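Have a look at the structure below, then the notes.
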Protein chains: 2
Amino acid sequence: MTEAKTDPRVLRTRRLIMDSFIELSAKKEFKDITVKDITTEAMINRATFYYHFEDIYDLLEKALSEVLLVNLNGEFFPYDNLSEEAFVSIFIAITNFQKSLSTRCHRGYEDTIARIIREQLEIIFYKMLAAQSEGEEDEALKLNAVILSWGIYGASVEWKRKGMKLVPEDFIKPVLPYLLSGLDTI
Amino acid sequence: MTEAKTDPRVLRTRRLIMDSFIELSAKKEFKDITVKDITTEAMINRATFYYHFEDIYDLLEKALSEVLLVNLNGEFFPYDNLSEEAFVSIFIAITNFQKSLSTRCHRGYEDTIARIIREQLEIIFYKMLAAQSEGEEDEALKLNAVILSWGIYGASVEWKRKGMKLVPEDFIKPVLPYLLSGLDTI
DNA sequence: TTTAATGTGTTGTATTTACGACATATCGAT
DNA sequence: ATCGATATGTCGTAAATACAACACATTAAA
């Protein structure tokens, strides 16, 4: 468990890049943001950007993952298993995230963003399932995590499509019994 | 006039150190601030501190100089010569600076701070005198700058000693005729 | 007085970052 | 089409920074 801590310069630079990207995202669309824009805002060299990220899409993935994870961690990680409250908190976190995205313009990249959200959800669901299952087969856990991630994300899309009228808690409430009932089979 | 611009990392690091020092100064006295405190707050390595500054006193000098210069530049640099408004603006800048210092605790270092202020004033007065004098002897200009810097600084000390009751503009007004009258002899 | 703990300032080495140059690609205007 | 301007991604070299180790000073407690 010797977790070799990473160089402070690396952390600092990545933070500068991430923050600058988020800052710029608030001002213009993703397709209009160049690497030069980001590095200028972050006051780092353009070559340094490529030292940390494949390209601007790689940055998009990692930045979104982080924002989403921060949302989630702050919300529901007091729960260590998939309770009713956990489902509700996760759903709230996603809808909050969706709302924050809708103010910024990411037209044409909704599918990328959606994929990232689902991937993060899958990771989290898998962790929680693995924590509470008694030596269940790994592949089965993973597939369950996939289904949950798609399902919950789909619910958030539907919530958005319906005009975000209900508060997320009430919107998700009707399906909680179903989601919870199957858990003991895992 | 090839002004080789300095490495962005240097600027960034110096800014981090300066800001951390000013931040810490608001929380505790100068004598209780260690280099480790500063570098921890700035999230840089302690050795890096010594790459930029002799020691913590060197940092004190440079930080104060900068704060004072920012005060002055913002105030009076529309004036390019020593007019009545210039004197008033400079005096206001110094008293503002003194007020901001009195909230923080720098007991035992007043004389150091005073020296730094006078040195900065001397530089500025010399620049302005040189700009408006017609090929006057250099040593004479320098000595005039010295006298002005000590004089104006002394006035600010007196203003403080008198309880800061008058607004700086009114406090300095009585001596403006004298200060201005001699200028054409230079 | 001794001892332990903490701060100071320096040094050597490894890693990260800055910078300029380059080839290539994209896009808009003529 | 062709040109000019701008963005992308990569490279080598030089400079700044991180880190650990060191000797030394200061301080507080035993």
Side-chain angles (χ1 to χ4, degrees), chain A residues 1-25 27-64 66 105-109 112, chain B residues 1-25 27-64 66 105-109 112:
Chain A
M1 287 298 181
T2 54
E3 38 190 281
K5 52 192 172 188
T6 64
D7 195 312
R9 286 171 291 182
V10 173
L11 298 175
R12 183 191 311 151
T13 299
R14 285 215 256 260
R15 181 108 322 278
L16 285 171
I17 293 176
M18 292 264 198
D19 290 347
S20 302
F21 176 62
I22 292 174
E23 187 71 23
L24 285 174
S25 293
K27 295 181 194 157
K28 48 179 165 177
E29 301 189 35
F30 176 75
K31 73 172 176 52
D32 293 330
I33 298 175
T34 71
V35 174
K36 185 98 182 53
D37 291 337
I38 295 167
T39 56
T40 300
E41 169 95 14
M43 287 185 296
I44 59 144
N45 195 274
R46 197 167 60 85
T48 306
F49 175 91
Y50 291 102
Y51 182 88
H52 293 280
F53 301 96
E54 278 283 321
D55 50 30
I56 205 172
Y57 302 98
D58 184 33
L59 171 61
L60 173 65
E61 284 212 25
K62 287 172 176 159
L64 287 186
E66 206 204 46
C105 293
H106 287 281
R107 278 196 298 266
Y109 293 91
T112 302
Chain B
M1 285 298 179
T2 54
E3 39 190 281
K5 51 192 170 188
T6 64
D7 194 314
R9 287 171 291 183
V10 173
L11 299 175
R12 183 191 311 149
T13 299
R14 286 216 255 259
R15 182 107 322 279
L16 285 171
I17 292 175
M18 293 265 198
D19 290 347
S20 301
F21 176 61
I22 291 173
E23 186 71 23
L24 285 174
S25 293
K27 295 182 194 156
K28 48 180 165 178
E29 299 190 35
F30 176 75
K31 74 173 176 54
D32 293 330
I33 297 175
T34 71
V35 174
K36 185 97 182 55
D37 291 337
I38 295 167
T39 57
T40 300
E41 170 95 12
M43 288 186 296
I44 59 141
N45 195 275
R46 196 167 60 86
T48 306
F49 175 91
Y50 292 101
Y51 182 88
H52 294 279
F53 301 96
E54 279 282 322
D55 50 31
I56 204 171
Y57 301 97
D58 184 34
L59 171 61
L60 174 64
E61 284 212 25
K62 287 172 177 159
L64 287 186
E66 205 205 46
C105 292
H106 287 283
R107 277 196 298 266
Y109 293 92
T112 301

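Excluded from the calculations below are hydrogen atoms, water molecules and symmetry mates; all remaining heavy atoms, backbone and side chain alike, are included. The sequence lines fix the lettering, A, B, ..., with proteins before strands; numbering per chain opens at 1. As the structure is a prediction and not an experimental result, all values here were calculated from the model.
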Take atom [atom1] of [X] and atom [atom2] of [N], then tell me their distance rounded to the nearest Å.
| X | N | atom1 | atom2 | answer |
| --- | --- | --- | --- | --- |
| B:Ile38 | C:dG9 | CD1 | C1' | 14 Å |
| B:Lys31 | D:dT27 | NZ | C1' | 13 Å |
| A:Phe49 | D:dA7 | CZ | P | 14 Å |
| B:Arg15 | D:dT17 | CZ | P | 14 Å |
| B:Phe53 | D:dA16 | CZ | C1' | 15 Å |
| B:Ile33 | C:dT8 | CD1 | C1' | 16 Å |
| B:Lys36 | D:dA20 | NZ | P | 11 Å |

Check your understanding: In the 5'-to-3' direction, what one-character label does each nucleotide of nucleotides 13-21 of chain C receive under the scheme B = base within less than 4.0 Å of a protein heavy atom, S = sugar-phosphate only, - = no such atom?
Key -> --BBBSB--
To the nearest 0.5 Å, what is the distance between [atom1] on [X] and [atom2] on [Y]?
| X | Y | atom1 | atom2 | answer |
| --- | --- | --- | --- | --- |
| B:Arg14 | B:Leu59 | CZ | CG | 11.5 Å |
| A:His52 | A:Leu16 | NE2 | CG | 9.5 Å |
| B:Phe21 | B:Thr39 | CZ | OG1 | 13.5 Å |
| A:Ile17 | A:Ile22 | CD1 | CD1 | 12.0 Å |
| A:Ile56 | A:Ile33 | CD1 | CD1 | 6.5 Å |

Exercise for review: Grab the two heavy atoms, one from B:Met18 and one from B:Ala63, that are nearest each other, plus how far apart they are.
Suggested key: SD-CA, 3.5 Å
Point to revise | Where A:Phe49 and A:Ile44 come nearest, the two heavy atoms and their spacing | key: N-CD1, 4.2 Å
Exercise for review: Please report how far the helix from C:dT1-D:dA30 to C:dT30-D:dA1 bends, comparing the axis fitted to its first five pairs with the axis fitted to its last five, to the nearest 10 degrees.
Suggested key: 40°
**Study point:** Distance-only donor-acceptor check, side chains B:Thr34 and B:Asp37, under 3.5 Å
**Key:** yes
Exercise for review: Using a strict cut-off of less than 4.0 Å between a Lys/Arg side-chain nitrogen and an Asp/Glu carboxylate oxygen, indicate whether B:Glu54 and B:Lys62 qualify as a salt bridge.
Suggested key: no
Exercise for review: Return no unless some side-chain N or O of A:Tyr50 is found under 4.0 Å from OP1 or OP2 of D:dG9.
Suggested key: yes
